[in-house]
There are 2 protein chains.
Amino acid sequence: MRIGELSRATEVPVPTIKYYLREGLLPAGELSSPNQASYGERHARRLRLIRALVELAQVPVAQVKEILESLDSDDLPLHEQIGRAHRALTPTRKQTASEEARAAATTQVTELITRRGWSVEPEAPALATLIETVAALRTLGQDDLVGFLDAYADAVERFTELEIDAVTTNPTRDQLAESVVIGTILGETLISSLRLLAQESISAHRWKDH
Amino acid sequence: MRIGELSRATEVPVPTIKYYLREGLLPAGELSSPNQASYGERHARRLRLIRALVELAQVPVAQVKEILESLDSDDLPLHEQIGRAHRALTPTRKQTASEEARAAATTQVTELITRRGWSVEPEAPALATLIETVAALRTLGQDDLVGFLDAYADAVERFTELEIDAVTTNPTRDQLAESVVIGTILGETLISSLRLLAQESISAHRWKDH
DNA sequence: TGTGATGGATAGTATCAGTATCCATAAGCG
DNA sequence: CGCTTATGGATACTGATACTATCCATCACA
């Protein structure tokens, strides 16, 4: 495949493909002469993955790069690969909450994690986000939602188990890692749109009269 | 409160507050003279909400504006207010999937919705996202994840009911609408960080040896 | 009376995700 | 063989977003 065919096969414009090549998201094609390269099915597959992450899941290009790098480093233990992808997905946010709000939230989240028996490294980026979110909800006067932390955790635990079961059926390690990453990211898009639909449907019934 | 005090109270820089004023995210203070305005607790509250949405939930400023406008239009029925906020949250995405992948996904999603008895308008933006996501998962060879659509929907339905119950305890309509919006948006941040933590924890146990 | 803050307007900046342009070369066609 | 079109690689440009910075004519307050 030359670049034009790759473009037609994936519906990604040629200049965009060139951009991804420049940025190192897509490995270079095999050069047959200084200005002639050929791309294979692997490239098409990778390109489709990039588009799904960038367009659908709105993952920034720089993060997509890190995620793909973690996928490509199959010398790492699987758990470490997943950890890297997670880190790429959770940008270090500015701390929004006040000192004391954060302290309270930290205690609450830590207790939640102990209660559930989760093993989480203290540096996990998602932990910081969770703490900031709980603190923000408190500050915004939404304490009742915070009261549902356990209910959320229940639900989340349940489908995470399912996901991991599903994904474990993958024959090779490579495919396994890729499935986990796709599942993590597109799964989120899936959940969030399902949630919006559920909300609309339930709220329509509940507040017909308001 | 003058702008400097508002800035100190919320830890938002003065130029940023001015920017939000310009963009119409924050209502102007009450002018006592041509260059002297005073802001109240309502402004501080609004500002904290803006920050939570922009920094924590990464909602683009333009969308935040629409969301706030829907909150402020309490002449609309509640369900319509929520619908507007939803629309602001789901940017119309480019269609990524191929014709036939989308057709298949549409059928599957429609069946899911019927099976669940959800009432969803066909123009709901989340619907389009859901369809594109299912199509993308298929294209990327993750059919097994698509098989879990019902399991996801179960979980999502369960906590959406809880949220709506919680939020319904709010005394006034204004507060109710605000709670729904905050719950929708920050709830998503909450769920996604819980999910990442659950994944790390489960994957650590499951793949110690990989 | 003068020092610092304020409202309002306008301009500038950094980052991001592409697009566009150029060029020397190569491939395919008649 | 010549001509058109495509290609790889480099560099430059663009439009959107979310602020920052600067200016200036007031204004409050010590």
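Note that these values count all heavy atoms, side chains included, but never hydrogens, waters or copies made by symmetry. Letters go in sequence order (proteins before strands), and every chain restarts at 1. Only a predicted model underlies this, so the values are computations on that prediction, with no experimental measurement involved.
- The side chain of Val61(B) lies closest to dC19(D) when the candidates are dC19(D), dA27(C), dA17(C).
- Side chain Arg22(B) to base dT20(D): a donor-acceptor pair is found below 3.5 Å.
- When each of Glu55(B) and Gln36(B) is assigned the nucleotide of DNA chain D with its nearest heavy atom, Glu55(B) is the one assigned upstream, toward the 5' end.
- Under 4.0 angstrom from either OP1 or OP2 of dG8(D) there lies at least one side-chain N or O belonging to Tyr39(A).
- If you check every strand for non-hydrogen atoms under 4.0 Å, Val54(B) touches sugar and phosphate atoms only.
- Between the OH atom of Tyr19(A) and the C1' atom of dT15(C) there is a distance of 10 Å, given to the nearest Å.
- Side-chain contact check for Trp118(A) and Glu200(B): no donor-acceptor pair (N or O, by modelled atom type) lies under 3.5 Å.
- When each of dC19(D), dC27(D), dG8(D) is scored by its nearest atom to the side-chain atoms of Lys18(A), the top-ranked nucleotide is dG8(D).
- When the side-chain nitrogen and oxygen atoms of Thr16(A) are compared with OP1 and OP2 of dA17(C), none of them lie within a distance under 4.0 Å.
- In this structure, Tyr20(A) does not reach the dA17(C) phosphate: none of its side-chain N or O atoms is under 4.0 Å from OP1 or OP2.
- Summarising the local packing, CD of Glu23(A) is surrounded by more than 12 heavy atoms from other residues, nucleotides or ligands at distances under 6.0 Å.
- Regarding Glu5(B), its CD atom lies at a distance of 12 Å from the C1' atom of dT6(C), rounded to whole Å.
- Candidate nucleotides dC27(D), dA26(C), dA17(C) were compared by shortest atom distance to the side chain of Pro60(A), and dA17(C) ranks first.
- Rounded to whole Å, atom C1' of dG18(C) lies 14 Å from atom CG of Leu21(A).
- Straight-line distance from the CG atom of Leu25(B) to the P atom of dA18(D): 10 Å, rounded to whole Å.
- Nucleic acid contact for Pro15(B): base, since at least one base atom lies under 4.0 Å from a heavy atom of the residue.
- Counting to the nearest Å, the P atom of dA6(D) and the CD1 atom of Ile17(A) are 15 Å from each other.
- Residues Ser179(B) and Gln142(A) bring a donor and an acceptor atom of their side chains to less than 3.5 Å of each other.
- Whole-Å rounding puts the Ile3(A) CD1 to dT5(D) C1' distance at 15 Å.
- Between the side chains of Ser73(A) and Gln81(A), not a single donor N or O lies within less than 3.5 Å of an accepting N or O.
- The residue Leu31(A) sits close only to the backbone: its heavy atoms come under 4.0 Å of sugar-phosphate atoms, none of a base.
- In summary, the side chains of Glu163(A) and Tyr152(B) do present a donor paired with an acceptor at a separation below 3.5 Å, with no hydrogens or angles considered.
- One can place CG of Asn35(A) at 10 Å from P of dT7(D), the figure rounded to the nearest angstrom.
- A donor atom on one side chain and an acceptor atom on the other are found under 3.5 Å apart for Arg51(B) and Tyr20(B).
- Ranking dA18(D), dA17(C), dT7(D) by closeness to the Arg2(A) side chain, first place goes to dT7(D).
- The interatomic distance linking Gln58(B) (CD) with dC16(C) (P) rounds to 13 Å, in whole Å.
- Of the two residues contacting DNA chain D, namely Pro13(B) and Ser38(A), the nearest-nucleotide position lying further toward the 5' end is that of Ser38(A).
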